[in-house]
Enquirer: 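Questions regarding the structure given below will be posed in turn.
Numbered from 1 within each chain, the chains take letters A, B, ... in sequence-line order.
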Amino acid sequence: MKAAPFAYVRPPTLDDVLAELAGGDGKVLAGGQSLVPVLAMRLGRPATLVDVTAVPELGEHGPDGRSGYRVGASVRQRVVEHDPAAQDVPLVSMAMPFVGHRELRSRGTVCGSLAHADPAAELPAVACCLDAQVEVAGPGGTRTVAAQEFVTGAMSTTAGPEDVVTAVTFPTAGPGDGFGFAEIARRHGDFALAGVVCRVHVTEAGAVDAAALTGFGISDRAVTRDVTALLAAGESEDDLRPATTELAAAIVDTGGDTHGSTGYRRRLFAVLAARELSRALHRAREGRTTR
Amino acid sequence: MTAVPDSPARRDTGSRRVPAPAARIAAHESAEVTFTVNGTETTVEVSPRMHLGDVLRERLGLTGTHLGCEHGVCGMCTVLLDGEAARACLLFAVQCEGAEIVTVEGLGTPDDQHPLQQAFSAHHALQCGFCTPGMLMSSYDLLANAPEAAAENLPEAMSGVLCRCTGYRGILAAVSDVAESYPDGVPEPRGCAPRMLVGRTSPGAGTAAEEAGTAAPQLTEVRLPTGPPSAVVDVTSQLASPVDRVWGVLTDFDLLARCLPGAQLVESYDEDRHRGRATVALGPVKLSFEGLAQVVERDPDAHRLRFHGQGRDTGGSATAADVVLHASPTADGGTELSAHADVHLSGRVAQFGRALAGDVSRRLFEQFAAGVDEAAETGSVSEVPLGRRLRLAAGAARDAAIGAVRRTAHRLRDRARRGSTG
């Protein structure tokens with residue numbers, strides 16, 4: 001399990017990073033916790049690894065001053081996990097303990113997880129559910145892409161081989177927001193067989209005016225649906241189950257494997273979705289009443 | 001590294017190290033990387049694709065870090081990187097410039113084990129031992145940085161390292177025990193005193209140099225390691241020769257070298273610095289050391305000689321010793337020769353373990369003492385046939401060698417007796 005030979009460079013500025021990536025045979029290295037196994041198994045053989053950790057601004061994280069929490073490309077997952085300011089994005093805090101293991105989060109980056117875009121990964125699902133904004137720098141300049149548009153398929157994104165993800169901004173939670181997160185994996189830290197992320201927003205009167213549900217590990221990417229209407233069915237898990245079962249049939253299209261068939265994953269999704277939507281709704285209403 | 005003015009995001013990397021930029025290293029080239037391992041700063045020359053686990057094991061002789069899957073699944077290679085557990089197989093050494101690394105060797109020493117190591121022992125938390133370094137480093141990280149996770153759900157918190165001996169219960173009991181014993185935080189690693197780190201500079205470099213007929217750059221000064229020695233040897237031998245003649249041998253480095261079986265003086269730089277070669281054969285094990293000995297203290301009145309020796313072999317083993325030889329007259333006109341040596345071993349030879357290393361070193365000194373006695377008496381040392389050189393691998397061979405030493409001692413004693421009566 002040794003990587004094929006590659007050149008290595010750790011440029012001092014973002015411009016230098018882009019210059020190294022020009023030509024398209026380089027690959028961005030930040031934490032490497034998804035990339036290095038790919039190299040070790042020789043599933044990937046990039047000519048050059050461009051380490052972005054020496055670029056100072058890519059190591060920044062914190063509130064962006066516009067009700068967002070911004071995380072730079074080289075910020076480790078563990079840093080975000082222990083950052084009090086990240087508590088303003090409850091879904092990130094809820095999902096983080098499930099991202100790999102402690103030993104991987106100490107090196108793995110939030111942006112790296114998005115850029116790798118594993119269909120069963122937690123952070124891309126959270127980003128999609130929250131409508132996080134991904135910043136991408138490339139030869140044509142910088143652009144900001146909504147997370148759902150950023151991920152285009154299994155391990156595929158709109159970031160090209162000459163681009164680098166520079167940051168992601170998650171919207172922080174406000175009054176009336178409630179969240180839910182759950183996944184089923186064979187072992188803690190493994191990629192999920194199925195998982196759900198959801199957010200619900202209620203008005204001051206307690207009426208649901210926005211709700212989104214994202215499933216992961218159930219298709220070639222995280223799949224997000226507006227479920228505002230679905231929540232009209234009620235607020236208990238049992239009330240919601242018929243609707244989530246119907247939703248599962250529509251969006252769970254993974255072929256399944258030895259660890260779980262398509263049908264099993266549909267059932268996981270339906271149960272988890274109903275449970276977490278119910279929880280998120282309660283949390284959203286509690287937040288209103290306790291204010 | 002100033003904050004970007006138009007970015008509202010605060011610059012917050014905590015106490016985290018921002019690595020310095022590094023120039024491009026081509027795929028088949030190598031570059032020097034400097035980092036700290038267990039308290040010792042070290043520089044290694046590596047190619048970009050060499051991961052930290054291989055560097056620790058092959059270049060630095062720190063084989064406590066085990067490699068299992070080498071793609072980030074099993075957790076065997078877990079080390080502390082800047083105080084946090086990380087997989088050494090998922091880190092290229094070139095990424096580690098300026099990093100602080102602690103391996104299981106740095107967690108504790110055989111004489112001063114870390115509480116986690118003691119607890120693993122007490123709870124039978126290891127069977128084959130393969131996962132143990134990873135488990136120890138992972139649990140240290142957990143208890144040092146996230147003790148609340150240990151209290152909430154220990155099995156999940158420890159799920160990053162696999163054990164295939166069904167040893168989880170003992171492991172969890174050990175970690176839980178330490179967590180309860182140290183509610184305010186687990187003690188710091190205990191084995192991070194500066195020490196000698198030795199390995200090969202690059203794979204095949206030694207052989208390439210040999211083939212080309214150009215030896216590696218020669219040592220001219222002995223640098224003695226400062227860490228705890230691998231073995232301490234204290235040997236006292238009774239010699240028949242009078243003390244002045246013994247001292248005469250000790251101060252004649254050429255003669256002195258020949259008293260040690262397998263040793264050979266190659267070159268003397270001056271009175272105090274000598275280059276030599278020594279071979280040791282232990283059963284199938286054959287080590288050939290090239291090295292330097294440097295006299296650091298010479299007291300003719302007290303008959304005391306202290307020298308430092310340092311050598312390395314082509315297979316990646318290294319040895320260093322701080323040796324004090326002291327000759328004192330005995331009532332019967334003979335000499336008591338005592339030797340005290342702090343022996344430092346690293347690389348492959350260190351894997352013999354302290355007991356065997358100590359035994360072998362002790363036996364070498366006994367043979368050496370016999371040689372000194374012979375030299376003091378006759379002015380020269382008979383060439384020890386290669387076949388009779390130290391062979392101590394196991395049982396019969398060891399007994400044979402001890403027998404040979406005893407026979408030599410008897411012969412010398414008989415000769416001394418004859419000398420005194422005749």
Side-chain angles (χ1 to χ4, degrees), chain A residues 1-13 16 20 29 31-41 47-49 51 53-57 59-66 70-72 74-76 78-79 82-83 85 97 100-104 106-108 167 169 187-190, chain B residues 1-4 7-14 16 18-29 31 47-51 54 67 69-73 75 78 81-87 89-92 94-95 97 134 137-138 141-142 145-146 149 153 155-161:
Chain A
M1 292 301 210
K2 312 288 184 196
F6 54 82
Y8 173 86
V9 62
R10 196 165 61 232
T13 69
D16 293 323
E20 293 288 351
L29 173 68
Q33 303 300 285
S34 299
L35 176 63
V36 179
V38 168
L39 302 181
M41 291 188 275
T48 306
L49 289 192
D51 186 336
T53 58
V55 180
E57 66 266 30
E60 294 171 354
H61 61 95
D64 75 343
R66 298 182 293 265
R70 187 171 178 275
V71 183
S74 60
V75 178
R76 318 279 182 205
R78 186 148 157 176
V79 170
H82 295 291
D83 180 8
H101 300 280
R102 205 163 22 92
E103 299 88 339
L104 298 172
S106 65
R107 298 295 302 171
T169 301
R187 176 180 70 138
H188 182 84
D190 285 0
Chain B
M1 286 197 261
T2 49
V4 181
S7 167
R10 74 193 151 95
R11 168 120 183 87
D12 183 6
T13 52
R16 296 194 152 241
V18 177
R24 186 183 188 87
I25 311 163
H28 294 283
E29 286 176 3
S47 63
R49 69 176 180 139
M50 192 164 194
H51 64 65
D54 275 345
L67 292 175
C69 71
E70 284 191 88
H71 65 288
V73 174
T78 304
L81 183 87
D82 295 330
E84 293 181 354
R87 305 238 204 272
C89 74
L90 293 187
L91 273 165
F92 296 114
V94 288
Q95 293 174 271
E97 179 69 41
M137 302 320 283
S138 175
D141 171 50
L142 178 70
N145 296 316
N153 193 341
E156 285 187 6
M158 285 298 297
S159 62
V161 186

Enquirer: Is the shortest heavy-atom distance from the side chain of A:Glu103 to the side chain of B:Leu90 under 4.5 Å?
Expert: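 A side-chain contact is absent here, since even the closest heavy-atom pair is not under 4.5 Å.
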Enquirer: What part of A:Ala47 lies closer than 4.5 angstrom to a heavy atom of chain B: side chain, backbone, both or neither?
Expert: neither
Enquirer: Any idea which of A:Gly72, A:Ala7, A:Ala3 has the most non-hydrogen atom pairs under 4.5 angstrom with chain B?
Expert: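 It is A:Ala7.
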Enquirer: Quick check for you: to the nearest 0.5 Å, what is the distance between B:His71 atom NE2 and A:Met41 atom CE?
Expert: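 Going from the NE2 atom of B:His71 to the CE atom of A:Met41 covers 4.5 Å.
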Enquirer: Can you tell me if A:Ser106 uses its side chain to pair, donor with acceptor, with the backbone of B:Ala85 under 3.5 Å?
Expert: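 Yes.
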Enquirer: Using the side chain to side chain contact (heavy atoms under 4.5 Å, CB included) rule, take A:Val36 and B:His51 through it: C-alpha gap first, then chi angles, then the decisive distance, then the call.
Expert: CA-CA 10 Å; A:Val36 179; B:His51 64 65; over 6 Å; no
Enquirer: Please identify, among A:Leu104, A:Thr13, A:Asp190, the residue contributing the most non-hydrogen atom pairs under 4.5 Å to chain B.
Expert: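 The option with the most such pairs is A:Leu104.
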Enquirer: Below 4.5 Å from any heavy atom of chain B, which atoms of A:His101 appear? Answer side chain, backbone, both or neither.
Expert: side chain
Enquirer: Working to the nearest 0.5 angstrom, can you tell me the gap between B:Asn145 CG and A:His82 NE2?
Expert: 7.0 Å
Enquirer: Counting only non-hydrogen atoms closer than 4.5 Å, does B:Leu81 touch chain A with its backbone (N, CA, C, O), its side chain (CB onward), both, or neither?
Expert: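 It is the side chain, since no backbone atom gets that close.
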Enquirer: Charged N to carboxylate O under 4.0 angstrom, A:Arg10 versus B:Glu97?
Expert: no
Enquirer: Checking B:Ile25 against A:Phe6 for the side chain to side chain contact (heavy atoms under 4.5 Å, CB included) test, could you report, in this order, the C-alpha distance in whole Å, the side-chain angles of both residues, the deciding distance, and whether it holds?
Expert: CA-CA 9 Å; B:Ile25 311 163; A:Phe6 54 82; over 6 Å; no
Enquirer: Examine whether an atom of A:Leu35 lies under 4.5 Å from a heavy atom of chain B, and if so say whether it belongs to the side chain, the backbone or both; otherwise answer neither.
Expert: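 A:Leu35 has no heavy atom closer than 4.5 Å to chain B.
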Enquirer: Mind checking the CZ-CD spacing from A:Arg78 to B:Glu84? Nearest 0.5 Å is all I need.
Expert: 4.0 Å
Enquirer: Side chain, backbone, both or neither: which part of A:Pro12 has a heavy atom under 4.5 Å from chain B?
Expert: both
Enquirer: Look at A:Leu39, A:Leu29, A:Asp16, A:Val55 and state which one has the largest set of heavy-atom pairs under 4.5 Å with chain B.
Expert: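 Top count of heavy-atom pairs under 4.5 Å with chain B: A:Leu29.
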Enquirer: Can you tell me which portion of B:Ser159 sits under 4.5 Å from chain A's heavy atoms? Options are side chain, backbone, both or neither.
Expert: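 Backbone plus side chain of B:Ser159, per the 4.5 Å heavy-atom cut-off to chain A.
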Enquirer: Output the distance between atom CG (A:Asp51) and atom CZ (B:Phe92), rounded to the nearest 0.5 Å.
Expert: 10.5 Å
Enquirer: I'd like to check A:Thr53 versus B:Gln95 (side-chain heavy atoms, cut-off strictly below 4.5 Å). Are they in contact?
Expert: no
Enquirer: Give a yes or no on whether a salt bridge exists between B:Asp82 and A:Arg107, defined as a side-chain N under 4.0 angstrom from a carboxylate O.
Expert: no
Enquirer: Looking just at side-chain N and O atoms, do A:Arg102 and B:Ser138 make a donor-acceptor pair shorter than 3.5 Å?
Expert: yes
